[in-house]
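Everything below concerns the one structure shown next.
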Amino acid sequence: MNLLKEMASRDRVFDFMAPARSPVDVRHGPILYLEDVSVSFDGFRAINDLNLTIDDGELRCIIGPNGAGKTTMMDIITGKTRPDHGSVWFGSRHDLLTMSEPQIASLGIGRKFQKPTVFEALTVFENLELAMAADKRIWPTLTARLSGEARDRIDEVLVTIGLTAHRDRPAGILSHGQKQWLEIGMLLMQRPRLLLVDEPVAGMTEQEMERTAELLTGLAGKQSVVVVEHDMGFVRSIARTVTVLHQGSVLAEGSMDQVSSDPKVVEVYLGTESDNTEDARC
Amino acid sequence: MLASRSWLSRPFRERSTQIFLGVLLAALAVVTLLNLIVPAGHPLHVSTYTVTLLGKYLSFALLAVALDLVWGYLGILSLGHGAFFALGGYAMGMYLMRQIGDRGVYGDPVLPDFMVFLDWDSLPWYWHGFDMAWFAFLMVLLAPGLLALVFGFLAFRSRVTGVYLSIITQALTFALMLAFFRNEMGFGGNNGLTDFKELLGFDLRSDATRLGLFLASGVALALGYVLCRAIVASKLGRVSVACRDAEARTRFIGYRVERVQLFVFVVSAMLAGVAGALYVPQVGIINPGEFSPIFSIEVVLWVALGGRGTLYGAVIGALVVNYAKTVFTGVMPEAWLFALGGLFVVVTVLLPKGVAGLLASLRRRRDDGAVETPAQGASS
């Protein structure tokens with residue numbers, strides 16, 4: 001057991017240097033695999049026999065009316081909520097239901113919450129530095145020196161999220177959209193295999209939305225990205241495959257056009273909510 | 001070891017630290033020269049009384065720096081840092097008591113006077129070892145360090161932060177004050193420890209020893225400042241600021257927040273202990289009054305006045321307030337508390353970032369028009 005712990009921590013030390021990162025086995029296709037997952041809170045079935053498969057490198061959008069179980073699904077994948085039954089696999093080797101939240105995070109599943117939280121007093125660069133995969137115990141942190149590779153990695157992420165010009169500015173003065181990108185950048189510093197992004201464009205301007213769409217589509221391929229979003233216009237602009245959740249299970253899956261012409265979907269979601277979603281952009 | 005040397009040497013490459021050390025060392029040298037070379041009676045002569053007074057201020061400045069480390073950078077407002085200061089002071093006081101030997105009023109070769117007075121026939125177990133300087137000096141660090149370790153472990157593990165933590169630290173120092181007031185505790189009760197004769201063989205009443213203690217306080221302040229700067233400028237310092245501003249987020253990206261808090265808190269408590277140990281031989285007494293909550297709150301005022309989260313602001317605050325206190329209590333003692341309160345109101349209203357914030361904005365005004373200065377870490 002001790003040996004295992006030792007190995008696990010050593011793996012994280014060299015994490016950012018080694019090209020082959022988390023030992024996730026995706027030879028059999030999917031990176032994330034949920035089968036017959038159910039969970040209920042006080043008798044209310046938030047997730048009901050949910051089956052979902054995400055392929056390696058895929059960009060998947062998940063939509064659904066409020067209470068469809070989108071956030072609960074994220075909670076199950078990240079280990080925050082335990083399902084009543086069902087199985088959740090990361091690659092074909094890791095059973096996520098046996099792992100704790102930090103273990104799942106270090107395996108390479110990063111989650112971005114709705115409300116952006118960055119360290120406002122620190123610069124953009126320092127925010128990314130702290131998020132970097134490294135030995136995070138006291139003494140190594142105290143004596144840490146920024147290596148050339150680490151610096152390059154941070155600059156690389158700065159380019160990806162488009163904040164190079166703001167490198168040495170305090171994160172507190174960034175706009176709302178820029179903070180969202182910085183937070184995605186902080187997730188990227190941990191070299192995740194799978195990114196879970198919760199409502200990334202809430203409260204963003206038109207241009208910021210476009211930038212975010214570019215950013216997320218650019219990330220797919222290198223890592224798998226799962227986006228939960230309400231804004232149909234945004235989903236249409238980035239989605240290749242869309243999954244519609246309804247009452248805790250998958251209602252429909254396919255391209256945006258297939259899904260939006262599905263009569264069941266139109267009935268439960270698009271039909272009832274099209275009044276208050278900005279359909280003008282669709 | 002090479003790596004650890006480099007994090008400690010980082011402050012010496014910072015301009016602000018170079019300036020601070022330069023000013024401090026120059027001040028020490030000037031005071032020493034004015035005391036030794038300039039004859040007494042000359043208007044520029046600095047009397048030994050003043051030297052000791054300045055030494056006392058310097059030990060207060062070290063205490064303020066220790067508090068600023070936890071308050072300014074970690075966001076933990078300790079209203080009980082006086083407890084760590086006093087514990088360091090008591091450790092030093094116990095050593096000084098044992099040094100008196102048979103020269104006390106009652107002439108007992110082992111027992112301090114107050115124990116003879118209380119009719120005790122032997123030394124309590126925790127007084128053993130304090131006749132040796134190395135042991136006593138070790139205790140100056142360990143006693144406050146251990147208290148901070150146990151207290152911090154319990155508090156941070158239960159995620160007690162903010163106002164609640166402040167109140168508990170206040171209760172801690174108050175409880176210690178009540179305990180130390182009791183004669184049965186064996187620390188001299190109400191009267192504390194006093195009547196010291198010598199330190200490491202040097203007569204405490206001689207001018208040379210007093211100058212030496214002043215210089216030692218200055219050097220301790222310089223070293224303590226460099227240590228704090230090294231921590232603050234390291235990645236751990238940035239993690240501290242992260243804990244201060246968004247604790248949950250810091251935990252989420254993989255840092256053990258409670259360990260960071262514990263580490264910095266213990267370092268700060270030890271520095272406060274050293275400050276107390278330097279204070280005691282200069283004022284010649286340590287009593288439970290140093291544990292009083294009012295004193296700890298005063299320390300917070302020094303840091304707030306100087307500007308928190310800058311370290312040098314804490315030094316300025318401690319020196320200015322204590323100088324003002326000396327002047328005021330000499331001229332019109334009854335007005336001091338009003339003056340202190342007034343000073344605090346003025347600073348909170350007009351200078352929310354303290355004297356250090358004023359200095360920074362003056363510097364910015366001077367540099368106005370120049371290239372945008374890179375933001376310097378935690379400037380809040």
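Computed from a prediction, not measured in an experiment: that's the story for all the values here. Note on naming: letters A, B, ... go to the chains in the order of the sequence lines (proteins, then strands), and numbering restarts at 1 for each one.
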Inset, instruction - Supply the atom-to-atom distance Ile138(A) CD1 to Leu262(B) CG, rounded to the nearest 0.5 angstrom. - result: 8.0 Å
Legend entry - Atom CZ of Phe137(B): over 12 foreign heavy atoms under 6.0 Å: yes
Legend entry - chain B interface, residue from Arg111(A), Glu129(A), Arg167(A) that has the most non-hydrogen pairs under 4.5 Å: Glu129(A)
Inset, instruction - Can you measure from CZ (Arg238(B)) to CZ (Phe125(A)) and round to the nearest 0.5 angstrom? - result: 8.5 Å
Legend entry - Rounded distance [0.5 Å steps], CD1 in Ile253(B) versus CD in Glu183(A): 10.0 Å
Legend entry - Nearest atoms (heavy-atom pairs only) where Ala144(A) meets Arg10(B): O-NH2, 3.4 Å
Legend entry - Side-chain heavy atoms of Leu142(A) within contact of Phe263(B), under 4.5 Å: yes
Inset, instruction - For Arg249(B) and Thr117(A), work out which heavy atoms get closest and say how close. - result: NE-O, 2.8 Å
Inset, instruction - Can you measure from CZ (Phe119(A)) to OG1 (Thr250(B)) and round to the nearest 0.5 angstrom? - result: 3.5 Å
Inset, instruction - Can you measure from OG1 (Thr141(A)) to CZ (Arg259(B)) and round to the nearest 0.5 angstrom? - result: 11.0 Å
Inset, instruction - Could you pull out the closest heavy-atom pair between Tyr255(B) and Leu130(A), with the gap in Å? - result: OH-O, 2.7 Å
Inset, instruction - Taking atom CZ of Arg82(A) as the centre, report whether more than 12 heavy atoms of other residues, nucleotides or ligands fall under 6.0 Å from it. - result: yes
